[in-house]
Structures are given as C-alpha cells and as structure tokens.
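Chain A is the first sequence line, chain B the second, and so forth, proteins listed ahead of strands; every chain is numbered from 1. Basis for what follows: all heavy atoms, side chains included, without hydrogens, waters or symmetry-related copies.
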2 protein chains.
Amino acid sequence: MLGWSSPEPASTTSGKERETVPHAGGSGAPGVDPEQLWLRPTEPRKGRRPSFSRAAITAAAVALADAEGLDAVTMRRVAAEIGAGVMSLYTYAPDKETLLELMVDHVSGELTVTDPPTGDWRADLKAIAHLQRAHMLRHPWLPAALVTRRVPGPNTLAFLEHALAVLRPTGLDGAAKLEIFAQLTAFVAGHVGHEIAQAAVSRSPDRAAAEARYLAAVAADGRHPELAEALAAPGLPLTPEATFSRFLGRLIDGLDITQ
Amino acid sequence: MLGWSSPEPASTTSGKERETVPHAGGSGAPGVDPEQLWLRPTEPRKGRRPSFSRAAITAAAVALADAEGLDAVTMRRVAAEIGAGVMSLYTYAPDKETLLELMVDHVSGELTVTDPPTGDWRADLKAIAHLQRAHMLRHPWLPAALVTRRVPGPNTLAFLEHALAVLRPTGLDGAAKLEIFAQLTAFVAGHVGHEIAQAAVSRSPDRAAAEARYLAAVAADGRHPELAEALAAPGLPLTPEATFSRFLGRLIDGLDITQ
DNA sequence: CTCAATTCCGTACGATGTACGAGAATAGAG
DNA sequence: CTCTATTCTCGTACATCGTACGGAATTGAG
C-alpha cells in the first residue's frame with residue numbers, strides 16, 4: 001500500500017461497529033483520519049512501482065468537478081479520466097470521502113498570499129475573504145464540499161497560518177482567532193454558494209419565472225404583509241461584488257443599518 | 001395524482017429560516033418547482049382514495065432523520081416505516097429532493113414565535129438566532145439539509161414574516177432585510193453544524209486523539225509558528241452556548257476585539 | 001353498467017461505492 | 001540466477017440507491 005492504510009492497531013473494542021448516533025446527514029461519525037492522510041511517512045522501496053499518483057488522481061477529480069460539478073466526480077469517472085481501473089484508485093485513497101478531502105486541500109494550494117499583514121486586521125481580513133470568494137467562484141463545488149470538511153490539510157494550514165498572523169494585532173486568544181477564521185470561511189462559503197445557486201436559477205428562465213410567480217402569489221395572499229412590502233420595495237439592485245462587500249462589512253464591522 | 005397539493009397544515013403554523021447555499025454540484029441543476037410544490041389547489045375527488053398522506057410520509061421521514069441521521073432517510077426505509085410500498089411515495093412527492101424540502105418545512109412548523117417584535121431589532125434578531133439554534137440541535141440533520149434547500153415553504157415563510165417585522169425598525173430596503181435573514185440563518189446553520197460535528201468527534205476518543213496528535217505534529221514542525229502559539233494559548237474553554245452567543249454578538253454587533 | 005381518473009406497488013434498470021482476490025511487477029535475500 | 005515478500009492493478013461481484021414502467025385495484029361520474 002502507498003501508506004494511507006491503517007495498521008489496524010490495538011482496536012481493543014471487539015464490537016465497535018457503527019454507532020447509530022444522530023448526526024448531520026452527510027457528515028458521518030467516522031470521517032477521515034488526519035494522521036493517516038497527511039502525516040504518512042515516505043514510502044517503500046519494494047513491490048510494484050505505482051502507475052499513478054495521489055496528486056494526478058486528485059487533479060483529475062478537481063478538473064472533473066470544475067467542469068461538470070461535484071456529482072460528476074464518481075470513482076468510475078475519475079479512474080477513466082486518468083486511464084486507470086476503478087479499484088486502482090483505492091490504492092491512493094481509502095475511500096471517496098478521502099478523495100474529496102484531497103480535492104479541497106489541492107485547490108487550497110492556489111490560495112497563496114504574498115503580502116504580509118499590514119497591521120490593519122480588519123482590512124486584511126476583508127482581503128482574505130475576497131481571496132476566498134474568488135477562489136470559490138473558480139471552483140463552484142467548493143462551498144458544498146466544505147460543508148463536510150473536517151481536518152485542514154497542509155495547504156489549508158498554510159492559509160490559516162496567514163490568517164492567524166493577520167489576527168495577531170487583535171491580541172485575541174488562540175481559540176478566538178481560530179474561531180474567527182472558521183466563521184469567516186463558513187460565511188464566505190455560504191454567501192458564494194448562494195451566489196452560485198442564484199446564478200444557476202437565473203440561467204433557467206422557466207425556474208426563475210416560477211419562483212417569482214410563487215413569491216408574488218405568497219405576497220398577494222394577505223397573510224404576509226412584511227414580505228409583500230419587502231418584495232415591493234427591493235431597493236437598488238447591486239452587483240454580486242457589491243453585495244458581497246456589504247455582507248463582509250456587516251460581518252467585520254458589525255451589522256450597521258447605515259451600511 | 002394528489003397534485004402534490006398541500007392540503008394539511010402539518011402541525012403548527014410558524015415557519016422558519018430560509019436557506020442559502022446552492023447545489024454547487026450539478027451546475028445548472030433544476031431543483032424543485034415551488035409552484036408545483038406549494039401552490040397546488042386541492043384536487044378533484046375522483047379515483048381511488050389515498051391510503052397515506054404527504055404529512056404522514058413527511059413525519060415518518062423526519063422521525064427517521066432525527067433518530068438515525070439523514071443517510072437513513074431512503075425511500076425504502078420511509079415507505080417501510082409507514083407500511084407503504086416504495087413506489088407509493090411517488091404519489092405524494094415527485095422525487096426525494098422534494099421530500100427533503102417537505103421535511104425542512106415540516107419541522108419549521110415548530111418555530112412558533114409568540115412574542116411580537118420589541119423594537120430592539122438587535123435583541124430580537126439574537127432571539128431568533130437562539131430559536132434557530134435550539135431547533136437545529138433538536139434536528140441535527142437540518143444544517144446539512146439546509147445547504148441544498150432553496151425555496152421557502154409556508155412554515156418557513158411564516159417565520160420569515162416575523163423576521164421581517166423584527167427588522168422593520170432598521171428602515172432597510174426589502175432586499176437588505178431578506179439578505180440579513182438569509183445570512184443569519186446560514187451563519188447559525190454553519191455554527192450548529194460545526195457544533196454537531198465537534199460533538200461527534202469528541203464522542204469517538206480514538207478520532208479525537210488522532211486529530212489532537214495531528215495538530216500537535218503540525219504545530220511542532222516549525223513552519224506554523226502562529227498556529228503553534230494559538231494552540232498553546234487557547235484561552236478559557238467555553239460552553240457551546242457561550243461560544244454561540246459570542247459568535248452571534250460578533251455578527252450582529254460587529255467583530256469587536258473587546259469581546 | 002361503463003369509463004376515466006387516481007392510487008397502490010411489484011418488478012426492473014442503471015448507477016454508485018467498494019470488498020475480494022487473483023495476477024503482475026518489483027526489490028532484496030539466498 | 002531463483003525465491004519470496006511486498007506492493008500495485010483491476011475484473012468481477014454485490015448491496016444499495018433513486019426511480020421508470022405498467023398493470024391491478026379502487027373510486028366517482030354519466
């Protein structure tokens with residue numbers, strides 16, 4: 001094995017099995033073991049030489065997701081893309097969830113930060129968020145994939161390192177800084193995800209019209225006066241960038257009705 | 001066909017949040033038609049009388065998700081739970097995605113708001129968020145399900161109506177108010193989803209230890225000084241509630257390092 | 001009665017993730 | 001060299017999923 005394999009160590013509990021614990025749907029209890037994933041030692045000089053590589057497989061999966069969406073990333077498609085048999089992929093990643101994790105960290109390698117922190121942590125944080133937004137727009141599957149992401153890989157950690165440096169002037173404790181980064185990332189992912197969904201709906205005139213009619217009907221039923229008024233006075237339409245900046249300003253500077 | 005009509009008002013009458021994120025997977029994916037879903041008139045009385053109901057099916061699916069997680073909600077399991085044949089479900093919902101949509105709006109009926117807006121919109125908004133958090137903790141699959149949800153059903157709209165009333169004192173335009181509600185909901189979902197995942201990891205001592213070792217190893221490699229320091233000075237451990245309140249304060253009052 | 005509408009659901013199909021194990025390739029030991 | 005341990009490759013097989021199809025059963029209308 002290429003090294004991700006678990007040594008199956010002292011698993012003293014005999015009947016471990018799956019615990020049927022209430023959990024959030026896609027995110028199961030087990031998850032991916034970060035040690036086996038990211039900390040594997042350099043590998044063996046024996047046995048058959050690998051025909052593929054974890055990086056090549058990951059890159060193929062990313063290309064597929066970029067071009068056709070996350071749903072197109074099946075083990076069969078990825079294998080076909082690199083000319084491998086399906087089961088060969090399992091030499092390089094123990095399961096599909098791990099492959100997803102590899103994909104996320106792979107694209108995170110694009111998040112290179114050249115400028116050091118300026119000392120104005122609010123401005124720096126906004127710059128980070130804009131970087132993340134552009135990144136997610138480039139890989140529209142990222143917001144959805146991030147929902148189940150567990151442990152940061154090396155590229156993600158490098159970016160986190162930068163964010164922590166940015167937050168140094170705040171003097172906050174470690175937990176608070178980590179928390180802020182997680183919140184910021186989650187917020188950007190949520191916003192961009194919404195942005196992408198909106199764009200997808202707009203691209204389908206039928207659905208866009210159906211949604212508009214539905215909301216109009218609800219607003220007209222008399223039981224939703226606030227909604228009716230909100231829809232009637234929508235305000236000036238803004239570009240997605242402007243909306244994002246306003247949203248970012250709210251988060252970092254606070255919800256301020258003066259905008 | 002039952003016309004996908006929604007004659008029965010489920011349980012309660014209040015609604016809940018809206019969603020945010022997209023369906024970043026399949027590019028321009030269709031989704032669910034809100035008109036067909038929520039606006040169908042009651043159907044003609046002819047033909048065989050229905051043995052089940054949309055509400056019963058939805059309730060069974062919700063119970064299943066509450067007890068065993070979203071993954072346990074398969075058409076076969078739901079059908080078995082109510083004593084129906086699998087394909088009978090398709091009389092009441094055109095596909096599984098629609099069933100998910102029904103589930104989300106169904107539980108949103110629990111979000112009843114009794115108190116009218118106080119005029120202090122920041123406090124009211126925080127109360128809304130706390131309501132949502134409790135709601136999501138009661139239905140741990142909700143944060144994951146909300147990621148793909150798009151069009152608010154009747155219960156969700158009722159809750160939105162309340163949120164809009166709360167935001168009236170701000171004088172913001174309609175789009176801004178809707179945006180704030182969406183952002184708040186997304187933020188709560190993200191936070192609670194994280195909370196649930198964290199609890200799941202903690203429940204598995206092996207994995208918790210593995211993650212701790214992994215982060216310790218990264219911190220010790222010398223290339224992540226900020227992370228090392230952040231982990232070394234974590235600050236006082238807080239209860240999940242306290243963390244949530246701090247997070248909420250940041251969002252609504254603004255990122256303020258004095259907190 | 002007949003007829004059309006509607007619900008119920010058994011069967012079947014294609015797709016998915018992946019367990020299993022046989023075979024091929026390689027490196028070191030003898 | 002041969003032998004053996006080790007590692008990679010991948011065809012086959014299976015369980016499980018969502019759901020298309022079509023026929024049987026039930027109902028109201030004419």
Side-chain angles (χ1 to χ4, degrees), chain A residues 1-8 18 25-26 28 30 32 40-54 56-57 61 64-65 68-103 148, chain B residues 1-5 7 25-26 29-32 40-54 56-57 61 64-65 68-103 148:
Chain A
M1 317 256 185
L2 270 184
W4 53 261
S5 67
S6 60
E8 207 83 24
R18 68 177 55 187
V32 174
R40 70 185 173 125
T42 49
E43 272 316 303
R45 273 284 166 233
K46 210 174 178 184
R48 187 172 177 169
R49 262 181 308 188
S51 306
F52 314 102
S53 73
R54 177 177 272 193
I57 292 170
L64 247 175
E68 303 182 36
L70 252 198
D71 291 344
V73 179
T74 70
M75 301 304 272
R76 280 165 235 261
R77 276 298 301 274
V78 173
E81 217 71 34
I82 62 167
V86 191
M87 295 312 293
S88 297
L89 300 187
Y90 288 86
T91 300
Y92 301 89
D95 50 36
K96 193 188 178 181
E97 191 186 334
T98 298
L99 179 57
L100 271 212
E101 208 112 17
L102 290 170
M103 289 170 64
T148 39
Chain B
M1 328 192 192
L2 274 181
W4 322 129
S5 63
V32 174
R40 275 307 256 257
T42 47
E43 284 303 310
R45 269 296 158 199
K46 203 177 177 185
R48 188 172 178 168
R49 264 167 30 214
S51 307
F52 313 102
S53 73
R54 177 176 271 194
I57 292 170
L64 212 45
E68 303 181 35
L70 251 199
D71 291 344
V73 180
T74 70
M75 301 304 272
R76 281 166 235 260
R77 277 297 302 273
V78 173
E81 218 70 35
I82 63 167
V86 191
M87 294 312 293
S88 297
L89 300 188
Y90 289 87
T91 300
Y92 300 88
D95 50 36
K96 193 189 178 182
E97 191 185 334
T98 299
L99 179 55
L100 273 211
E101 208 113 18
L102 291 170
M103 290 170 63
T148 32

Looking only at side-chain atoms of [X], point me to the closest of [options].
X     : options                : result
A/T91 : C/dG17, D/dC8, C/dC8   : D/dC8
B/D95 : D/dA24, D/dT19, D/dA29 : D/dT19
A/M75 : D/dC10, D/dA29, C/dG17 : C/dG17
A/P50 : D/dT27, D/dC8, D/dC17  : D/dC8
A/R48 : D/dT26, D/dC8, C/dT18  : D/dC8
A/Y92 : D/dG18, D/dT9, C/dT7   : D/dT9

Between atom [atom1] in [X] and atom [atom2] in [N], what is the gap in whole Å?
X     : N      : atom1 : atom2 : value
A/R54 : D/dC8  : CZ    : P     : 11 Å
A/I82 : D/dC8  : CD1   : P     : 14 Å
B/F52 : D/dT26 : CZ    : P     : 14 Å
B/Y90 : D/dG22 : OH    : P     : 17 Å
B/L99 : D/dC17 : CG    : P     : 14 Å
B/R77 : D/dA15 : CZ    : P     : 18 Å
A/R76 : C/dT18 : CZ    : C1'   : 9 Å
B/K96 : D/dA20 : NZ    : P     : 15 Å

To the nearest 0.5 angstrom, please state how far the [atom1] atom of [X] sits from the [atom2] atom of [Y].
X      : Y      : atom1 : atom2 : answer
B/S53  : B/I82  : OG    : CD1   : 8.0 Å
B/E101 : B/D95  : CD    : CG    : 9.5 Å
A/Y92  : A/T98  : OH    : OG1   : 15.5 Å
B/R54  : B/L102 : CZ    : CG    : 5.0 Å
B/L89  : B/I57  : CG    : CD1   : 5.0 Å

* Find the bend of the helix from C/dC1-D/dG30 to C/dA22-D/dT9 as the angle between its two terminal axes (five pairs each), to the nearest 10°. => 10°

Any non-hydrogen side-chain atom of [X] less than 4.5 Å from a side-chain atom of [Y]?
X      : Y      : value
B/L100 : B/L70  : yes
B/L64  : B/E68  : yes
A/E97  : A/T148 : no

* Asked: Mapping A/S51 and B/M87 to their closest nucleotides on DNA chain D, which lands nearer the 5' end?
  -> A/S51

* Answer with base, sugar-phosphate or nothing: what part of the nucleic acid does A/G85 contact at a heavy-atom distance below 4.0 Å? => sugar-phosphate

* Remember a base hit wins even if backbone is also touched, and classify B/A84 as base, sugar-phosphate or nothing at under 4.0 Å, heavy atoms. => sugar-phosphate

* To do: Considering just the side-chain nitrogens and oxygens of B/K46, establish if one lies under 4.0 Å of OP1 or OP2 belonging to C/dT6.
  => no

* Asked: For D/dC10, does OP1 or OP2 lie under 4.0 Å from any side-chain N or O of A/S88?
  -> yes

* Structure fact -> Note: for B/V86 and A/T74 on DNA chain C, the residue whose nearest nucleotide lies more 5' is B/V86

